[in-house]
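A short write-up of the structure that comes next.
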Amino acid sequence: MCGRNSLFTEQDDLEDRFGAEVVADGSYRPRHNIAPGDDLHIITNEASDEIARYHWSLIPFWANEPEGGMINARSENAGEKRVFERAWNSRPCLVLSSGLYEWRSTNGGSKQPFQIHREDDPAFAMAGLWDVWEGEDETISCVTILTTEPNDLMNSIHDRMPVVLPQDAESDWLAADPDTRKELCQPYPKGDLDAYEISTRVNNPGNDDPQVIEPLDHEQSGLGEFSS
DNA sequence: CCAGACGTTGTT
DNA sequence: GTCTGG
DNA sequence: CCAGACGTTGTT
DNA sequence: GTCTGG
């Protein structure tokens with residue numbers, strides 16, 4: 001699945017990469033630790049030239065209270081679920097990322113976090129769904145990230161992964177009909193994703209700084225002390 | 001008909 | 001154990 | 001996703 | 001809003 005994200009690409013590079021501009025109230029700043037409940041930067045099908053901020057946790061438009069919400073949706077059946085029906089049918093979006101985080105469970109119960117990104121790409125896009133919840137005196141623009149089976153790289157880490165779109169499928173994802181979009185929800189089909197181990201510093205969402213993405217150094221961690 | 005749910009993930 | 005907050 | 005809280009009463 | 005369960 002995908003429960004933590006980052007977006008630290010320089011704004012100019014990000015805008016060039018997606019051919020879109022951060023909207024006036026997008027208040028873009030590099031982020032290294034974006035948790036559910038924070039804002040994600042996305043491009044919607046209704047404004048494919050804009051990068052906007054949406055609350056990460058989809059609240060169905062018909063909900064009475066803006067509580068709970070969905071941080072992920074299974075792409076295999078999202079179109080058949082009531083909570084996602086409207087968003088699936090008409091509200092696809094691109095969720096921008098410089099790198100996502102996944103945790104690998106180990107036998108001892110501890111978890112090893114990984115940073116996953118696309119080689120030679122300043123940012124990539126995950127498939128998402130957006131909607132707008134309107135209350136009496138509150139409006140929440142919100143988003144969820146679609147998940148699927150892991151590809152070969154991710155399989156060693158986790159049993160789910162977000163739908164990562166090949167770059168040439170990004171515009172199709174926004175423009176296609178629901179049946180065609182479902183076909184795009186595949187385990188990432190190319191070999192250019194890379195994963196590396198990072199410190200458990202990422203576990204605490206308060207640690208939102210470049211240190212989070214530094215590769216884990218086994219020598220410094222002491223594991224290499226005995227081999228020399 | 002009305003009432004009540006509507007979801008994912010991981011873990012036990 | 002389970003929910004809320006980040 | 002993980003981290004951290006999880007409660008009441010009365011008093012300041 | 002829309003489906004399922006009673």
Side-chain angles (χ1 to χ4, degrees), chain A residues 1-8 27 29-41 53-91 95-117 126-135 138-140 142-150 154-164 178 182 185 187 195-209 211-213 216:
Chain A
M1 75 160 319
C2 184
R4 212 68 77 81
N5 192 38
S6 71
L7 189 62
F8 49 80
S27 60
R29 70 185 174 91
R31 295 288 307 276
H32 291 82
N33 204 342
I34 304 168
D38 278 352
D39 289 336
L40 293 168
H41 278 84
R53 277 194 312 147
Y54 277 61
H55 175 77
W56 184 3
S57 187
L58 191 83
I59 301 156
F61 69 97
W62 41 255
N64 294 316
E65 298 297 327
E67 283 150 14
M70 307 292 136
I71 70 171
N72 293 120
R74 293 180 68 93
S75 63
E76 294 93 332
N77 60 11
E80 293 136 34
K81 299 292 183 180
R82 293 194 283 280
V83 273
F84 301 123
E85 185 176 2
R86 182 167 98 163
W88 175 265
N89 284 330
S90 60
R91 289 160 170 78
V95 178
L96 309 192
S97 178
S98 302
L100 59 94
Y101 302 110
E102 293 281 5
W103 282 257
R104 178 163 70 195
S105 298
T106 55
N107 298 329
S110 62
K111 290 187 166 187
Q112 173 59 53
F114 287 78
Q115 201 264 17
I116 296 100
H117 60 280
M126 295 179 280
L129 305 173
W130 63 277
D131 211 329
V132 178
W133 182 88
E134 291 181 279
E138 192 181 9
T139 295
I140 301 174
C142 47
V143 59
T144 192
I145 296 173
L146 290 159
T147 65
T148 186
E149 297 279 307
M154 298 298 295
N155 190 43
S156 64
I157 302 173
H158 215 61
D159 61 354
R160 299 292 292 171
M161 75 176 289
V163 174
V164 175
K182 183 156 192 239
C185 290
Y196 64 87
E197 296 176 302
I198 57 175
S199 156
T200 53
R201 255 179 60 85
V202 73
N203 290 13
N204 190 330
N207 294 330
D208 185 6
D209 55 60
Q211 238 183 295
V212 160
I213 61 167
L216 198 64

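All heavy atoms count here, side chains included; hydrogens, waters and symmetry mates do not.
- Judged by distance alone, the side chain of A:Asn207 and the main-chain N or O of A:Arg201 form a donor-acceptor pair under 3.5 Å.
- Remark: of the listed residues A:Ile116, A:Ile34, A:Val212, A:Val212 is the sole one forming a side chain to side chain contact (heavy atoms under 4.5 Å, CB included) with A:Tyr101.
- Note on A:Asn203: only backbone sugar-phosphate atoms sit closer than 4.0 angstrom, heavy atoms only; bases stay farther off.
- Between A:Thr147 and B:dT9 there is a side-chain N or O to OP1 or OP2 distance below 4.0 Å.
- In this entry the distance linking CE of A:Met126 with P of D:dC1 reads 14 Å, nearest Å.
- One N or O on the side chain of A:Arg4 and one on the backbone of A:Val202 form a donor-acceptor pair closer than 3.5 Å.
- Relative to the side chain of A:Arg74, the nucleotides B:dT8, D:dA3, D:dC1 differ in distance, and B:dT8 lies closest.
- Within the model, atoms CG of A:Asn89 and CG of A:Leu129 stand 10.0 Å from one another, a figure rounded to the nearest 0.5 Å.
- Here, D:dG7 and C:dT2 have their P atoms 15 Å apart, quoted to the whole Å.
- For DNA chain E, the span of nucleotides reached by chain A at under 4.0 Å from its heavy atoms goes, 5' to 3', from E:dG1 to E:dT4.
- For A:Trp130, the side-chain hydrogen bond (donor to acceptor under 3.5 Å, both in side chains) partners at least two apart in sequence or on another chain are A:Asn45.
- Contacts of A:Tyr101 with the nucleic acid, taken as non-hydrogen atoms under 4.0 Å apart, are absent.
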Decide yes or no on side chain to side chain contact (heavy atoms under 4.5 Å, CB included) for A:Cys185 and A:Thr148, but give the supporting numbers first. CA-CA 7 Å; A:Cys185 290; A:Thr148 186; 5.6 Å; no
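- Across the protein-nucleic acid pair, A:Asn204 atom CG and D:dC1 atom C1' stand 12 Å apart, rounded to whole Å.
- Using P as the reference atom, C:dG6 and B:dC6 are 27 Å apart when rounded to the nearest Å.
- Comparing B:dA5 with D:dG10, their P atoms sit 35 Å apart, to the nearest whole Å.
- Between A:Asn77 and B:dT8, a side-chain N or O to OP1/OP2 separation shorter than 4.0 Å is present.
- Atom CD1 of A:Ile157 is separated from atom C1' of D:dC1 by 14 Å (rounded to the nearest Å).
- Under the ring-ring contact (aromatic ring centres under 6.0 Å, His included) criterion, A:His32 pairs with A:Phe8, sequence neighbours left out.
- In this structure, A:Asn64 and A:Thr148 both approach DNA chain B, and ranking their closest nucleotides by distance from the 5' end singles out A:Asn64.
- Panel note: side chain A:Asp208, backbone A:Asn33; a donor-acceptor pair is recorded below 3.5 Å.
- For the pair A:Lys111 and B:dT11, the criterion of a side-chain N or O lying under 4.0 Å from OP1 or OP2 is met.
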Pair up each side-chain donor or acceptor in residues 74-85 of chain A with any protein partner under 3.5 Å, not counting sequence neighbours, and list the distances.
from	atom 1	to	atom 2	distance (Å)
A:Ser75	OG	A:Thr147	O	2.7
A:Glu76	OE1	A:Arg160	NH2	2.9
A:Glu76	OE2	A:Arg160	NH1	2.8
A:Glu76	OE2	A:Arg160	NH2	3.2

Distance-only criterion, 3.5 Å: show the donor-acceptor pairs between side-chain atoms of residues 108-115 of chain A and protein atoms not counting sequence neighbours.
from	atom 1	to	atom 2	distance (Å)
A:Ser110	OG	A:Thr106	OG1	2.9
A:Gln112	NE2	A:Ile198	O	2.9
A:Gln115	OE1	A:His117	ND1	2.8

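- At whole-Å resolution of the value, CZ in A:Arg82 and C1' in B:dT8 are 16 Å apart.
- Across the C1' atoms, B:dG4 and D:dT8 are found 33 Å apart, a figure rounded to whole Å.
- Residue A:Asp159 is in sugar-phosphate contact alone, with no base atom involved, counting any heavy-atom pair closer than 4.0 Å across all strands shown.
- In this structure, A:Arg86 reaches neither bases nor backbone, as no heavy-atom distance under 4.0 Å exists between it and the strands shown.
- If you measure from atom CZ of A:Arg4 to atom C1' of D:dC1, you get 5 Å, rounded to the nearest angstrom.
- In this structure, CZ of A:Phe114 is placed 16 Å from P of D:dC1, rounded to the nearest angstrom.
- As a whole-Å value, the separation of A:Trp88 CH2 from B:dG7 P is 15 Å.
- A:Ser27 has its side chain within reach of A:Arg53: a pair of non-hydrogen atoms, C-beta onward, lies under 4.5 Å apart.
- Residue contacts shown for A:Thr200 are absent, as no nucleic acid heavy atom lies under 4.0 Å away.
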Any chance you could encode DNA chain E as dot-bracket? Rule is Watson-Crick or G-U wobble with both distances under 3.5 Å; [ ] for pairs crossing earlier ones, | for another strand. ||||||
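- Here B:dG7 presents its P atom at 11 Å from CD of A:Glu85, a figure rounded to the nearest Å.
- Counting any heavy atom pair closer than 4.0 Å across all strands shown, A:Leu58 reaches no nucleic acid atom.
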